[in-house]
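We count ligands from 1, going down the list as the structure has it; atoms in each ligand are counted the same way.
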Amino acid sequence: MAAGGSAGERGRRAREQALELARRSREAYRLAGRWQAAAEAERAVAATLVGLTAVGWRLLVDRRWPGTRAANIDMILVGPGGVFVIDVKRWHDRPVVGDGRLAAGGVPRDEEIRKLLAMTRTAEEEVAALGLSPVALVPVMAFAGHRLDTRVGRVRLLGHPDLVHALVAEPKRLTPALVGVVAAHLAEAFPAYEPAALKEGGTGGPGLEDDGAALFATDEVEKAALESLLHAPIERWMTFLHPDQVAVARRDWSGPARISGPAGTGKTVVGLHRAAHLAGRGRDRVLYVTFVNNLPRVQRRLFERMAGVFADRVEFSSLHGWATGFLAERGAEVPLNAARADDAFSRAWLTIGRGSALAEIDPMPGYWREEIDHVIKGRGLTSLEEYRTVARHGRRTALQPVHREAAWLLYEEYELLREERGVGDFNDVLLAALAELEERPADPPYSAVIVDEVQDLTLVGVKLLDALAGDGPNGLLLIGDGQQAVYPGGFRLADAGIAVKGRGAVLRTNYRNAAAILEAAMDLVSGDPFDDLDGPSPNGRRAVDLAYHEGRVVRVEAADDEEHDRRLVEALRALADEEPDGSGPWAGAVVLCPSRREIGRYDRLLTRAGIPVLRLESYDGRPVEAVKLGTYRRAKGLEFKHVFLPHHDAGLADATAADAAARERAELARRQLFVAMTRARDLLWLGSVAADGAR
Ligand SMILES: Nc1ncnc2c1ncn2[C@@H]1O[C@H](COP(=O)(O)OP(=O)(O)OP(=O)(O)O)[C@@H](O)[C@H]1O
């Protein structure tokens with residue numbers, strides 16, 4: 001067929017489509033005219049919005065607000081961008097927003113905002129049963145006779161002429177099928193208003209000039225719909241969760257609360273939705289804290305995509321980052337210098353530790369450094385008397401009084417040498433922040449503090465965040481899983497004086513890992529008891545449901561290091577053939593190593609092989625066409641499509657060791673490897689070298 005012929009055909013189809021849209025819009029406009037009860041302004045707005053129904057949106061007009069006798073919701077519009085709860089205003093005076101408040105003609109109009117938010121919450125409750133998160137609902141105040149595009153908190157304020165463009169430009173959340181489902185559900189929950197109860201409105205249909213307006217609206221709809229195609233759809237969980245997850249995200253807790261559950265069960269996802277929910281309710285900010293440094297960056301980015309409107313109300317920070325900033329504000333900085341503090345410890349070990357009773361239990365200094373970091377300083381102990389009797393949760397060695405005395409002496413020597421050097425360690429930062437906060441509360445306070453990966457915090461860290469949040473309703477939320485603790489030595493919430501009884505939720509469906517991957521990871525730790533903040537758990541085999549998806553575990557046993565590394569590079573290169581969607585072979589891949597020592601080696605190996613590398617320290621969750629590289633600890637809370645663990649079993653060598661310190665080390669190594677393995681969604685590559693060929 002000649003080219004001109006097909007262009008002619010396309011032109012004919014475009015004209016037909018335009019005519020169809022114009023016809024539907026005119027019909028819709030006539031229909032709008034029949035809403036006798038609606039005020040003129042509402043009809044005009046409805047007539048504009050109804051044009052969107054030609055491109056798959058659903059519009060519900062003048063609906064009853066359940067639970068009230070006379071109140072109505074002007075409009076509920078459901079489209080790709082979510083659910084818009086619309087209140088139409090015809091104000092003579094121009095609406096003005098200042099300092100987060102709405103006014104017109106010098107009169108505050110906050111009450112109108114409050115009413116619209118209450119309506120939106122009712123709609124939220126209704127769609128929560130479908131698993132729709134509150135972030136997908138947008139309260140909109142539409143102003144007839146004004147031009148406007150701004151916000152008060154989560155409420156969008158739009159002039160009538162600005163409506164369509166703004167609503168269509170919202171990022172896509174719902175597929176056409178979901179639009180239908182959600183709209184049908186809302187139509188049932190919010191029945192059409194009974195005519196008897198309606199106020200009198202205009203009677204006639206639109207005049208001729210209005211017909212023109214309707215045609216213009218159609219053009220606008222087409223243009224806006226086209227523009228919306230430019231917005232990539234965001235992930236499903238950013239809008240739809242399991243209804244139980246939505247319930248947890250929206251739950252009212254009368255005091256500190258806790259979300260737990262095994263790896264990959266959506267704890268962070270629920271935490272992020274809860275942050276959005278709480279940010280939408282109050283004027284104060286929400287603090288979202290984790291232990292790992294780079295995780296807040298990734299979480300902030302996810303949150304911005306999921307609930308951008310609240311981005312300035314939720315602060316994402318690492319615990320130490322927050323504490324450092326707080327101390328700086330107070331002019332009470334701690335001269336943190338980890339390297340010089342390490343040096344102070346090494347000296348203390350040489351002079352006091354090495355020759356003491358401690359060497360009977362573990363002759364290596366690492367164990368005792370952890371004892372100081374996680375038990376003595378981590379719990380904020382201030383006297384040997386306290387240390388003598390403290391329960392060392394999570395540590396497997398039984399210390400006799402002589403060992404506790406020796407450990408305390410080592411601690412005192414370390415403190416002395418550290419202070420002589422005029423430097424602080426990470427614990428000093430938290431201790432100073434806690435002391436500062438106890439003396440003078442933070443101002444302005446946060447309405448809520450959400451702590452993710454709480455199992456990795458020290459007792460002092462948790463006390464600090466508890467002091468910051470207070471014990472009011474919905475103030476403190478602790479999210480975590482003791483099975484994934486990657487640091488030794490834990491605590492019980494009771495030690496921090498935090499009571500969460502009756503305020504807990506446990507998530508049990510793993511949405512991340514393919515079955516084979518989860519099975520392999522679970523096998524590794526199923527025999528290990530672990531501590532889970534409110535008490536010990538006898539073994540590591542836990543009941544988890546799986547949201548099915550395909551994936552595999554590849555085990556490679558090489559004869560020597562050289563072969564091992566060669567096969568790693570081959571496996572990474574092979575990804576290039578497996579990515580049919582053109583997203584690039586390496587964007588979803590990570591190579592993880594047990595400690596920093598191995599990182600340089602793999603960086604060089606991959607770079608030499610021409611594979612681009614991005615260290616996890618610099619990763620912020622954005623898709624980058626490079627293999628990510630980092631330690632098991634750095635990978636906390638993250639997930640990747642393909643996870644490669646070279647020499648994955650090298651650290652498990654003393655798994656059968658007889659003495660308690662070695663057993664504890666082996667247990668910790670298994671837990672760290674477990675965390676690394678459960679980062680994998682579709683492919684887990686486990687490299688090892690036959691015993692006689694190992695490095
Ligand atoms: N309702 C859901 N529907 C689909 N996917 C979901 C749902 N909830 C969570 N997910 C997916 O499960 C993955 C794991 O979620 P998340 O990271 O919140 O789990 P987690 O419990 O915090 O994991 P971990 O403790 O291992 O860090 C997320 O990538 C998300 O894509």
Side-chain angles (χ1 to χ4, degrees), residues 128-136 173 178 233-250 258-276 288-292 294-296 298-299 301-303 305-306 450-456 477-486 505-515 517-518 521-522 524-525 530 532-533 540 542 544-549 551 588 590 592 616 621 623 632-643 671-682 684:
L130 297 175
L132 192 67
S133 164
V135 300
R173 290 184 179 278
L178 286 170
I234 57 175
E235 277 90 342
R236 192 183 111 87
W237 65 260
M238 293 196 171
T239 301
F240 269 92
L241 301 175
H242 188 280
D244 292 349
Q245 291 175 310
V246 182
V248 175
R250 301 183 67 244
R258 155 122 222 252
I259 297 178
S260 55
T265 51
K267 295 183 296 296
T268 296
V269 161
V270 170
L272 293 175
H273 281 272
R274 183 164 181 80
Y288 199 104
V289 199
T290 64
F291 187 76
V292 191
N294 58 319
L295 198 49
V298 177
Q299 291 172 333
R301 219 185 101 70
L302 283 173
F303 188 84
R305 293 181 63 203
M306 182 188 100
I450 299 177
V451 190
D452 206 346
E453 307 284 347
V454 64
Q455 71 278 358
D456 289 332
L477 175 61
L478 304 170
I479 302 176
D481 170 26
Q483 193 167 34
Q484 296 180 64
V486 293
V506 184
L507 303 178
R508 295 208 188 279
T509 303
N510 176 306
Y511 291 93
R512 178 189 296 137
N513 312 116
I517 294 173
L518 190 63
M522 280 293 182
L524 185 73
V525 294
F530 63 94
D532 208 8
L533 300 190
R542 302 158 89 189
V544 188
D545 299 326
L546 266 178
Y548 176 78
H549 77 268
V590 71
L592 297 175
L616 280 184
Y632 293 176
R633 284 176 178 174
R634 275 258 180 239
K636 282 311 291 279
L638 300 173
E639 68 176 34
F640 300 88
K641 209 164 165 187
H642 313 291
V643 172
R671 267 207 308 277
Q672 292 176 348
L673 176 59
F674 171 79
V675 168
M677 290 167 90
T678 54
R679 300 309 96 198
R681 281 209 311 255
D682 301 351
L684 175 61

Polar contact flag for T678 and ligand 1 (N/O pairs, less than 3.5 Å): no
Between ligand 1 and G264, is the shortest N or O to N or O distance under 3.5 Å? yes
With heavy-atom distances below 4.5 Å as the criterion, would you say the side chains of [X] and [Y] are in contact?
X	Y	result
M238	L302	yes
F674	L524	yes
T239	L132	yes
E453	K267	no
R173	V135	yes
I479	V454	no
R679	K636	no

Could a heavy atom of [X] be found less than 4.0 Å from some atom of ligand 1?
X	result
G637	yes
R679	yes
D481	no

Under 4.0 Å to a heavy atom of [X] - the qualifying atoms of ligand 1, by number:
X	answer
E453	27 (O)
T265	19 (O), 20 (P), 21 (O)
H242	1 (N)
A263	25 (O), 26 (O)
L241	1 (N)

For W237 and M306, run side-chain contact (heavy atoms from CB on, under 4.5 Å): C-alpha distance rounded to whole Å, both residues' side-chain angles, the deciding distance at 0.1 Å, then the answer. CA-CA 9 Å; W237 65 260; M306 182 188 100; 3.9 Å; yes
How far is [atom] from its nearest protein heavy atom, and which residue and atom is that?
atom	result
atom 28 (C) of ligand 1	E639 OE1, 3.4 Å
atom 30 (C) of ligand 1	W237 CD1, 3.5 Å
atom 9 (C) of ligand 1	Y511 CD1, 3.7 Å
atom 18 (O) of ligand 1	V269 N, 2.8 Å
atom 21 (O) of ligand 1	K267 NZ, 2.7 Å

Locate the shortest heavy-atom distance separating L638 from L295; write the atom from each residue and the value. CD2-CD1, 3.6 Å
Least distance between heavy atoms, L616 atom then N294 atom: O-ND2, 3.1 Å
Mind listing the side-chain donor-acceptor pairs of residues 240-250 below 3.5 Å, one per line with the distance, residues two or more places apart or on another chain?
{"from": "H242", "atom 1": "ND1", "to": "D244", "atom 2": "N", "distance (Å)": "2.9"}
{"from": "Q245", "atom 1": "OE1", "to": "H242", "atom 2": "N", "distance (Å)": "2.8"}

Which of the listed options, R681, Q245, R512, holds the heavy atom that is closest to atom 8 (N) of ligand 1? Q245
Give the single entry among A521, A635, S133, G266 that approaches atom 15 (O) of ligand 1 most closely by any heavy atom. G266
Proximity of Q484 to ligand 1 by residue part, where a heavy atom lies under 4.0 Å: side chain
